[in-house]
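I have placed the structure first, in the form of structure tokens, so that the comments after it can refer back to it.
Numbering of ligands and ligand atoms starts at 1, following listing order.
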Amino acid sequence: MNFFTAKTATTKTSGDLLVFPIFQKKKKAVVAPLLDATDGGVRPSAPGSAKVPNLAQKIKKAGFAANAESFLQVYCSNTKSGWLLITGMGEVSEVGLDTIRKIAGQAAKKAREMKAKKVLVQVPEVGILGFDDATFARTWVEGAEMALSETGALKTKKKSPLLPAQWSFLASAKRLAALDNGIKQGTTFAAGCLFARRLVNAPPNYLTPSAMAAEARKLAKDEGLNCKILKVPQLKKMKMGGLLGVGQGSVNDPCLIVLEYRSKAPKAPKIALVGKGVTFDTGGISLKPGANMDHMKSDMGGAAAVMGALLIAARMKLPVNLTVIVPAAENMPDGNAVKPADVITMANGKTVEVLNTDAEGRLILADALWYAGKGKPDYIMDAATLTGACVVALGEHFAGVMSNSGELTDALRQAGGETFERVWPLPLIDEHKDAMKGTWSDLTNLGPREGGALTAAGFLSFFVDEKTEWAHIDIAGPSFKTSASATCPKGGTGFGARLLARAVQLLVS
Ligand code: BES
Ligand code: ZN
Ligand code: ZN
């Protein structure tokens, strides 16, 4: 889909559908702006004929109260586009950025249903909402793009996508520059999210560790990034016993993917993003139950998020030196698989007794975090579908953040509020680290059942320099959905790509 701006000529601009957002006041639709622009469904060519009701009357008759996310489809004879989609915005005081995304998403789906190729959007006066035109356009574009994200890539009978090819934001001339700027941002943020969703939704027989490496190479080529893939011999040289151990039960070898975006800005801060890339998690020898095991194709949601964030950062040319590190492996049961009571030695030299092969994420992340630290970054953030415990604690709408840095936690909370990829802080304390100390080895990979998300973070902390600002984000809850929402079909949500990109933007600006 392509987004443009045009000087307001609401009734005269041609298109297949005119989307007209209106507010609600005291439970009633505020029709005033409509009256200025599109009133007068009177047919002048039919002298003597009865007046057709005007829009305000039609809205009243339909009992349309402009509740947020409600719609009214009406025909208006004196607009060039004919069809109008009146979209309820709700009360001014209640409209948040995600209201805009949802409304845009619903409008996009309606437009697709109506087979509208060119959609016009009458930009409302957003000043009263406390945000600017650029923000409106950015979030609208995100919502529309995200709502129509691809789901049928592997169907043999291809439905032609029939997406609205062209969208035009209509506003007065002086507002167009800001709207254009917002369009650029929105397109970029949406692209990062859709990139992540595509990887999460890819079946695990397609997206093996080496296929993920190929995706990384392609991303690097498309976006002008450096890319390095470290394969088994190199992992052995670096003594990455965690990544090798998790991968050793699979015929698909593990690898470490390293992507770099280098800004031309002088003294740009160094940030490392690490993403869990388990392309399928069977649990290994500690095999998971069969029900819903297919969801474990999403166990590389962290990897998808950090790669999506990198795409955004590079396209936005953020003043940052960003390194993305993805440990990629498939966790399988096999004669050669790691088993409970095995002791493995990690890249930083620590020994770990594997008490449960299903707690594999922390093992591969440990080596990747150590690798990230070698680059002496100012900040490290990792994203991982790490624990069921985090899902139990926070549900599907929040990721958990465990961090040694107030600055990172604040940046993530703000970024989460804006992108609606929301995070909630959870404690990271010495007791949770101590719970991971071993009897036969330095550490074990299994803590007590209680506080499982917290002890998992405690385990990871042994692989991060104490002085480095670090945040661990457990995205097990929000990264995969079994039902669709206004802006996301069921499946991978792409959670984290926009969140991390926005957090990076906040940290470096
Ligand atoms: N990939 C899972 C965590 C997960 C659970 C992600 C639900 C998404 C949805 C992870 O590797 C895992 O299995 N963790 C175990 C750890 C336990 C054995 C300490 C868990 O959470 O049960
Ligand atoms: Zn697991
Ligand atoms: Zn896992």
Side-chain angles (χ1 to χ4, degrees), residues 196 200-201 204 207 209 212 242-243 245-250 254 274-305 326-333 337-342 352-368 382-400 402 426 432 435-436 438 443-460 472-482 490-496:
V200 175
N201 288 332
L207 196 81
M212 192 140 72
L243 181 53
V246 171
Q248 77 190 34
S250 170
V274 178
K276 173 178 172 182
V278 172
T279 59
F280 195 74
D281 184 10
T282 63
I285 297 297
S286 315
L287 193 63
K288 284 183 183 295
N292 299 326
M293 204 203 269
D294 58 303
H295 297 181
M296 283 302 118
K297 73 171 179 178
S298 68
D299 212 16
M300 32 56 69
V326 170
E330 192 180 56
N331 188 21
M332 296 290 279
V338 70
K339 54 197 174 296
D342 278 1
V352 178
E353 185 182 13
V354 179
L355 286 177
N356 188 318
T357 66
D358 197 12
E360 83 298 340
R362 61 197 73 183
L363 299 174
I364 67 170
L365 283 171
D367 282 342
D382 76 75
T385 48
L386 203 62
T387 66
C390 198
V391 189
V392 173
L394 295 178
E396 61 171 6
H397 301 297
F398 280 86
M402 288 137 271
L426 297 172
H432 297 144
M436 302 309 290
L443 301 169
T444 77
N445 76 334
L446 186 65
R449 209 175 77 87
E450 299 78 11
L454 319 177
T455 46
F459 178 90
L460 296 179
H472 157 60
I473 311 165
D474 193 329
I475 60 170
S479 64
F480 192 83
K481 296 267 159 81
T482 49
K490 72 177 182 184
T493 59
F495 186 99

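Listed here is the closest heavy atom pair of His295 and Thr482: CE1-CG2, 3.4 Å. Nearest heavy-atom pair, Leu386 versus Ala456, reported as atom, atom and distance to 0.1 Å: CD2-CB, 3.7 Å. Contact detail for Val274 and Pro327: the closest heavy-atom pair is CG1-CD, 4.4 Å. Contact between Val200 and Gly301 at its shortest, heavy atoms only, is CG2-CA, 3.9 Å.
Each of Thr357, Val354, Ile364 was scored for a side chain to side chain contact (heavy atoms under 4.5 Å, CB included) with Val246, with one residue passing: Ile364.
With Asn356 contributing its side chain and Leu446 its backbone, the two residues share no donor-acceptor pair below 3.5 Å. In terms of modelled atom types and a separation under 3.5 Å, the side chain of Thr455 and the main chain of His432 share no donor-acceptor contact. A side-chain donor-acceptor contact under 3.5 Å links Thr282 to the backbone of Asn331. In this structure, Thr387 contributes its side chain and Cys390 its backbone to a donor-acceptor pair below 3.5 Å.
Here the shortest heavy-atom distance to atom 12 (C) of ligand 1, taken over Asp358, Leu355, Val278, belongs to Asp358. In this comparison of Ala359, Gly302, Gly477, the heavy atom closest to atom 17 (C) of ligand 1 sits on Ala359.
When hydrogens are left out, the protein atom nearest atom 19 (C) of ligand 1 is Leu446 CD1, 3.4 Å; that is the closest non-hydrogen contact. Nearest protein neighbour of atom 2 (C) of ligand 1, counting heavy atoms only, is Asp281 OD2, 3.6 Å. Annotation: atom 21 (O) of ligand 1 to nearest protein heavy atom, Gly388 N, 2.6 Å. For atom 10 (C) of ligand 1, the closest heavy atom belonging to the protein is Leu386 O, 3.3 Å. Atom 16 (C) of ligand 1 has as its closest protein heavy atom Arg362 NH2, 3.9 Å. Taking atom 8 (C) of ligand 1 as the reference point, the nearest protein heavy-atom neighbour is Met296 CE, 3.5 Å.
At a 4.0 Å cut-off, at least one heavy atom of Lys276 sits close enough to ligand 1 to count as contact. Residue Lys288 places a heavy atom under 4.0 Å from ligand 1.
Between Glu360 atom CD and Glu330 atom CD the span is 11.5 Å, to the nearest 0.5 Å.
The Zn ion (ligand 3) sits nearest to atom OD2 when only the N, O or S atoms of Asp281 are considered. The name of the N, O or S atom in Glu360 nearest to the Zn ion (ligand 3) is OE2.
Within ligand 1, the atoms closer than 4.0 Å to a non-hydrogen atom of Glu360 are 11 (O), numbered from 1 in the order shown. Each of the following atoms of ligand 1 lies closer than 4.0 Å to a heavy atom of Asn356: 18 (C).
The Zn ion (ligand 3) lies at 2.8 Å or more from every N, O or S atom belonging to Asp358.
Checking only distances, Ala476 never comes within under 3.5 Å of ligand 1, N or O to N or O. Between Asp299 and ligand 1, at least one N/O pair is under 3.5 Å apart.
Side-chain contact between Leu207 and Met212 is present, with heavy atoms from C-beta onward closer than 4.5 Å.
Vertex the Zn ion (ligand 3); arms to Asp299 atom OD2 and Lys276 atom NZ; angle 100° (nearest 10°).
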